[in-house]
Amino acid sequence: MMRGRADGAQKKRLLTSVGIVTVFLVFLYVYCGSKSSGESALEYGSRSLRKLGSSYLGGDEDGDLGGKQDDASTKFALEDGEDGLVPKSFPVCDDRHSELIPCLDRHLIYQMRLKLDLSLMEHYERHCPLPERRYNCLIPPPPGYKVPIKWPKSRDEVWKANIPHTHLAHEKSDQNWMVEKGEKLIFPGGGTHFHYGADKYIAAIANMLNFSDNILNNEGNLRTVLDVGCGVASFGGYLLSSDIIAMSLAPNDVHQNQIQFALERGIPAYLGVLGTKRLPYPSRSFEFAHCSRCRIDWLQRDGILLLELDRLLRPGGYFAYSSPEAYAQDEEDLRIWTEMSALVERMCWKIAAKRNQTVIWVKPLTNDCYMERPPGTQPPLCQSDDDPDAVWGVKMEGCISRYSDHDHRTMGSGLAPWPARLTAPPPRLADFGYSSEMWEKDTRLWRRRVENYWNLLSPKISSDTLRNVMDMKANLGSFGAALKDKDVWVMNVVPEDGPNTLKLVYDRGLIGTVHNWCEAYSTYPRTYDLLHAWSVFSDIEKKGCSGEDLLIEMDRILRPTGFAIIRDKQPVIEFVKRYLGALHWEAVGTADSTSDPDQEGDELVFVVKKKLWLTSESFRDTE
């Protein structure tokens with residue numbers, strides 16, 4: 001009996017020892033793996049926010065950023081007064097996070113235990129992680145990733161390895177959304193309502209509106225379009241040849257990769273949803289809105305989603321609705337059609353055209369109809385203190401936004417046809433107290449700056465290298481305007497806390513969105529070829545946000561072999577240079593006041609390129 005107890009105790013001690021050794025080995029594996037740039041590791045940021053400045057930019061200036069890091073350099077954050085140290089490599093997120101969108105991460109929503117109303121689509125709205133839960137790792141490309149196919153060929157085909165999801169090809173096989181063919185995914189141009197091609201459907205809409213030559217741009221008077229529930233954005237893709245640019249909008253829903261496909265194709269698109277908050281676009285931004293079987297309940301909450309479209313449409317703007325309800329074949333369709341028709345009539349919309357399952361309503365040109373409605377008519381007019389251009393995190397309002405006195409008097413927006421509107425001073429310029437001379441000066445300034453940028457980029461790019469471009473601080477949109485003759489499109493981003501100049505960007509015939517760069521942007525990884533960051537780092541530093549977080553976010557957004565142009569103060573440029581090795585970026589060129597007479601104060605220009613790397617046992621530079 002005693003012998004048996006001794007053997008048992010010995011076994012317990014042995015098992016305990018093995019357990020301790022195992023835990024220790026696991027700790028070493030995780031610890032070393034997080035330090036190694038070659039291991040796939042998911043890391044949540046536990047660092048505090050740091051500010052740019054001497055302490056932020058300290059450390060060994062001559063250190064090899066790509067070399068082996070010592071223990072001290074693993075710190076991502078430092079307390080005030082400590083010397084600044086820069087990581088020589090960032091950990092790599094696990095492969096399953098290759099499509100991570102931090103503020104649209106459903107796993108995060110589950111972990112945060114948010115109480116969201118699924119019927120109102122709140123789970124598809126932005127919910128960002130707290131600073132201590134942010135990712136501080138680099139998002140890896142999927143296995144077999146290739147440099148994307150160039151525009152315009154990319155409109156019709158992409159590499160399957162870049163977006164390895166074929167469910168839409170099978171689910172929508174009868175609607176010609178996309179077709180799987182060898183190593184590629186092919187986009188025939190079909191949609192749920194236009195199986196035989198978006199080009200024919202677009203021409204049919206133009207014909208319904210009696211536009212000349214069945215061209216929807218209406219001689220340049222129809223330029224900006226909002227396509228809600230856009231699918232893979234073939235509608236927007238085929239509008240481009242008519243000099244129309246569409247903001248193709250869809251949530252990260254059951255068709256979760258549709259916006260990723262759109263951007264991979266080189267088509268303007270944005271992840272968003274008609275839920276409870278206003279879309280991040282100013283009032284009177286679009287001449288045309290479109291919904292083709294977009295599965296949106298337009299009657300919910302007393303028509304609040306239609307009222308959001310109304311806010312976004314310009315005077316005389318159109319809403320094309322292609323759906324069985326418009327045909328009203330059965331009892332349920334007839335009920336929806338009757339209620340929807342009554343609602344839009346009270347909103348002062350009128351039917352411009354109706355054919356088969358497509359109806360096109362038109363918004364009034366003036367406030368006259370609104371003022372003539374009987375007292376108590378629903379939906380009501382918005383209160384005079386409601387700002388229809390306040391959009392960042394603002395709840396939708398169930399009311400009709402009246403036109404400004406200018407729009408009412410002129411019976412429209414007063415914009416020049418495209419392309420003249422790109423440079424013509426818009427009427428809403430007066431809202432900011434800006435003069436036409438200031439507008440024209442800014443346009444000329446950025447035209448010269450873009451020429452200088454291209455001189456820096458020219459050794460590294462050809463005419464088709466760039467397609468998807470983002471101006472991270474667009475101001476008046478003059479950077480995007482200067483790119484008119486390039487075969488690119490620009491997402492113009494305006495800060496949420498500054499002058500809401502985004503409406504001037506739309507008045508130029510360009511598109512964009514409001515955003516706070518202290519948070520992650522609503523897009524998939526690897527979706528933009530060029531980022532332009534003019535004083536963005538300096539701006540977030542004033543808010544107490546992390547420049548390191550912004551660099552990781554820019555890396556997430558950039559395609560491999562993509563470029564970033566950083567225009568900022570010298571300390572910012574020096575800060576970015578210290579992270580090149582950790583980010584796997586390379587310097588392309590710099591410019592200062594001696595080489596660029598348009599430099600302001602101590603501004604410098606720094607151009608970088610993101611290398612193409614893959615995860616395996618270690619990073620493999622494939623260039």
Does R223 make a cation-pi contact with F286 (under 6.0 Å, within 45 degrees of the axis)?
-> no
Are C291 and D227 side-chain neighbours, meaning at least one heavy-atom pair lies under 4.5 Å?
-> no
Okay, side chain of S242, backbone of I244: is any donor-acceptor separation there less than 3.5 Å?
-> no
Do D310 and W349 meet the criterion of a side-chain donor-acceptor pair at a distance under 3.5 Å?
-> yes
Any donor and acceptor pair, going by atom type alone, linking the side chain of R355 with main-chain N or O of I205 inside 3.5 Å?
-> no
Are side-chain N/O atoms of Q300 and D297 paired as donor and acceptor at under 3.5 Å?
-> no
Do we see a donor-acceptor contact under 3.5 Å between the side chains of H123 and Y110?
-> no
Does the side chain of S322 pick up a donor-acceptor pair with the side chain of S292 at under 3.5 Å?
-> no
Lys/Arg-Asp/Glu bridge criterion (N-O < 4.0 Å) met for E325, R335 = no
Do H165 and F261 pass the ring pair (Phe, Tyr, Trp, His ring centres under 6.0 Å) test, and can you show the C-alpha distance, the side-chain angles, and the key distance before you say yes or no?
-> CA-CA 10 Å; H165 302 284; F261 283 121; 7.3 Å; no
Under the 3.5 angstrom rule, does the side chain of N468 hit a backbone N or O of T527 as a donor-acceptor pair?
-> yes
With under 30° as parallel and over 60° as perpendicular, where do the rings of W517 and Y521 fit, or are they tilted in between?
-> parallel
Minimum heavy-atom separation for R508 to W418, with atom names?
-> O-CZ3, 3.2 Å
Donor-acceptor side-chain pairing of N500 and D389 below 3.5 angstrom | no
Would you say P102 and L108 make side-chain contact, with heavy atoms under 4.5 Å?
-> no
Is a donor on one side and an acceptor on the other found under 3.5 Å between the side chain of T501 and the backbone of N475?
-> yes
Is any side-chain heavy atom of C103 closer than 4.5 Å to a side-chain heavy atom of H127?
-> no
Without swapping roles, check the side chain of R314 against the backbone of S413 for a donor-acceptor pair under 3.5 Å.
-> no
Scan L116, V273, L114, I109 and name whichever one has a side-chain contact (heavy atoms from CB on, under 4.5 Å) with E122.
-> L116
Closest contact, heavy atoms only, A246 versus I511 | O-CD1, 4.1 Å
Fit a plane to each ring of W361 and F319, take the angle between them on a 0 to 90° scale, and name the class: parallel (under 30°), tilted (30 to 60°) or perpendicular (over 60°).
-> parallel
Will you find, in the side chains of E264 and N162, an N or O donor that is under 3.5 Å from an N or O acceptor?
-> yes
